[in-house]
Amino acid sequence: MLTDVIAALATPPGRSALAVIRVSGSGAIETVQRLTRRELASLPDRSVTLCTLFAAGGSTLDQAILTLYRAPRSYTGEDLVELSCHGGLLVPAQILAALHSAGARQADPGEFTRRALLNGKLDLLQAEAVGDLIDATVPAQGKAALHQLDGGLSRRIQGLRETLLELLSLLDYDIDFPEEDDGPVPPERIRAQLDVAQRTVTQLLMTAPAGERLREGALVVLAGRPNAGKSSLFNALLGIHRALVTEIPGTTRDTIEASSEVQGWPVRLADTAGLRDADERLEQMGIEVSKRYVAAADLLLLCVEAGRMLTAEEWRLLEERPALLVRSKIDLVPVAERESESGNPVSVITGEGLDRLRQSMADRLFSSQRGFASLEPMLTRERHREALARAGRALEAAQLELGDAVLAAHQVREAIAALEELIGVIHPDEVLGRVFERFCVGK
Ligand SMILES: Nc1nc2c(ncn2[C@@H]2O[C@H](COP(=O)(O)OP(=O)(O)OP(=O)(O)O)[C@@H](O)[C@H]2O)c(=O)[nH]1
Ligand SMILES: [Mg+2]
């Protein structure tokens with residue numbers, strides 16, 4: 001049953017001054033009333049009250065601030081009570097146990113937001129944005145999530161859907177008057193409308209690589225010959241001593257990944273085993289992993305000691321992969337010769353060149369986001385990209401079948417269905433399941 005009373009901790013468990021417990025569903029207020037032992041029904045909507053909470057046996061659990069939201073003016077659209085109690089492990093757990101004995105059930109991950117969706121408080125894109133906002137680690141991610149939560153992407157998709165619905169009505173009109181030689185709707189009008197829709201789909205799809213990169217963090221792989229200074233640079237960029245550094249070539253055996261940020265943009269840095277022809281099995285395995293990372297990288301930092309000629313392999317990587325050439329250990333080169341170094345000269349000993357390298361990384365990876373006027377809606381997930389690609393394919397097919405209004409209308413309907421699944425106008429359970437499985441309980 002969808003309106004049964006659910007309860008969950010909305011804050012992370014552990015030592016804290018306060019914790020927030022949410023209770024939602026029809027009967028939520030009565031359920032909480034069993035703990036407060038005082039009438040809550042007469043409290044005004046959206047009011048805040050200090051209450052003592054009691055266990056079923058009568059013992060005092062805590063004093064808590066109770067905020068009451070009556071349906072439909074709440075996050076979930078149902079009656080909802082938020083209890084702001086003392087934090088730590090014991091008190092919230094005891095209150096939750098008391099709520100369970102009073103009839104509430106433990107909420108599933110994302111169940112509050114799922115209910116908000118089903119009650120029309122937000123659409124599926126906005127629900128995802130709630131998750132993204134919680135997971136955001138850098139300001140740019142937060143900003144994008146807030147924009148999506150504000151309905152930026154939803155409005156674009158809704159607008160596109162309306163264009164297609166209009167197109168469909170033109171086609172249907174055509175179908176209704178098939179016998180008239182010159183149908184009542186001029187074909188160029190239909191074609192123009194279809195063109196507009198296709199252009200919007202293409203524009204949105206173009207934002208997907210940048211949007212997904214922003215949400216997931218760009219994969220930046222440090223690669224190069226053994227001893228080139230990859231692990232040293234990895235540590236310097238992270239600002240912590242994470243990877244082992246020695247003068248022995250072949251120190252790094254396995255790829256190490258760490259999340260970080262450059263100039264407010266999210267990156268996943270990966271330090272790899274030095275590339276060379278190795279005889280030893282373990283090193284060979286490490287190098288195989290390195291190669292896979294090199295192939296998957298959004299950006300390679302190809303580390304080559306300053307003053308050393310590039311090998312054919314290094315030239316090839318620079319040409320074939322998105323890469324920045326890093327000239328490492330620049331402190332070992334006499335000052336007079338440093339100017340002539342190509343690429344990005346850096347030293348982890350003096351710190352020289354690190355800021356400039358960060359700037360170049362941000363420019364290479366995220367300049368297109370800045371290009372999207374910073375707040376253009378972006379597709380941020382594979383789910384979005386797949387749905388729009390499906391809509392795009394259907395519209396292409398419609399374009400080819402324009403001679404036959406029935407066939408063209410069928411394709412336009414397909415495109416509309418793809419958009420509706422994206423926004424959650426229709427929500428197959430499996431789509432909802434995938435979106436909410438990664439939410440925390442209490443959201
Ligand atoms: N002078 C100087 N030495 C450096 C610099 N960066 C790295 N080194 C030294 O170069 C050696 C190799 O550094 P690592 O960072 O382990 O090199 P790596 O590319 O990770 O090597 P492998 O893991 O073996 O592939 C170490 O002795 C470092 O101290 C630098 O900027 N200046
Ligand atoms: Mg290393």
Side-chain angles (χ1 to χ4, degrees), residues 137-138 141 213 216-308 310-311 313-314 317-318 321-333 341 343-362 364-366:
T137 53
V138 301
Q141 287 173 322
R213 186 176 286 183
E216 289 161 14
L219 181 62
V220 176
V221 176
L222 290 100
R225 305 276 303 162
N227 241 5
K230 301 178 294 297
S231 300
S232 307
L233 182 60
F234 179 73
N235 291 340
L237 289 173
L238 282 180
I240 51 166
H241 193 85
R242 175 80 169 74
L244 288 179
V245 169
T246 73
E247 69 295 343
I248 309 161
T251 301
T252 306
R253 292 303 181 93
D254 207 350
T255 298
I256 311 178
E257 238 189 272
S259 290
S260 183
E261 52 110 8
V262 275
Q263 305 198 321
W265 299 99
V267 294
R268 290 178 292 139
L269 285 179
D271 180 26
T272 61
L275 300 167
R276 67 172 167 183
D277 293 325
D279 304 325
E280 198 212 331
R281 194 161 149 260
L282 195 60
E283 189 175 355
Q284 275 171 2
M285 286 165 73
I287 291 171
E288 281 313 309
V289 176
S290 299
K291 288 182 179 164
R292 282 207 293 279
Y293 267 87
V294 165
D298 291 312
L299 181 66
L300 273 191
L301 297 185
L302 182 66
C303 299
V304 178
E305 298 90 332
R308 170 163 79 68
L310 270 69
T311 64
E313 164 85 356
E314 285 163 341
L317 283 177
L318 280 182
R321 303 289 310 139
L324 286 175
L325 174 61
V326 175
R327 289 308 210 144
S328 56
K329 313 187 193 181
I330 192 72
D331 56 289
L332 299 180
V333 172
E341 272 311 330
N344 297 266
V346 300
S347 163
V348 302
I349 307 260
T350 63
E352 184 181 336
L354 287 175
D355 279 341
R356 235 174 311 137
L357 178 62
R358 286 193 185 94
Q359 180 70 52
S360 310
M361 288 164 68
R364 277 293 288 270
L365 287 166
F366 294 103

Can you give me the closest heavy-atom contact between Thr272 and Leu222, atom names plus distance? OG1-O, 2.7 Å
Show the nearest heavy-atom pair for residues Ala223 and Val294, with the distance to one decimal.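 Closest heavy-atom pair between Ala223 and Val294: CB-CG2, 3.9 Å.
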Does any non-hydrogen side-chain atom of [Y] lie less than 4.5 Å from one of [X]?
{"X": "Asp331", "Y": "Glu352", "value": "no"}
{"X": "Ile287", "Y": "Leu275", "value": "yes"}
{"X": "Glu314", "Y": "Leu325", "value": "no"}
{"X": "Lys230", "Y": "Thr252", "value": "no"}
{"X": "Glu261", "Y": "Thr137", "value": "no"}
{"X": "Leu310", "Y": "Leu318", "value": "yes"}
{"X": "Leu237", "Y": "Val267", "value": "no"}
{"X": "Glu257", "Y": "Tyr293", "value": "yes"}

Would you say CZ of Arg356 has more than 12 non-hydrogen atoms from neighbouring residues, nucleotides or ligands within 6.0 angstrom?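 At most 12 heavy atoms, drawn from other residues, nucleotides or ligands, come within 6.0 Å of this atom.
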Output yes when Arg276 and Glu283 qualify as a salt bridge under the 4.0 Å nitrogen-oxygen rule, no when they do not. yes
Judged by modelled atom types alone, do Asn344 and Ser360 share a side-chain donor-acceptor pair under 3.5 Å?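 Asn344 vs Ser360: donor-acceptor pair found between side chains.
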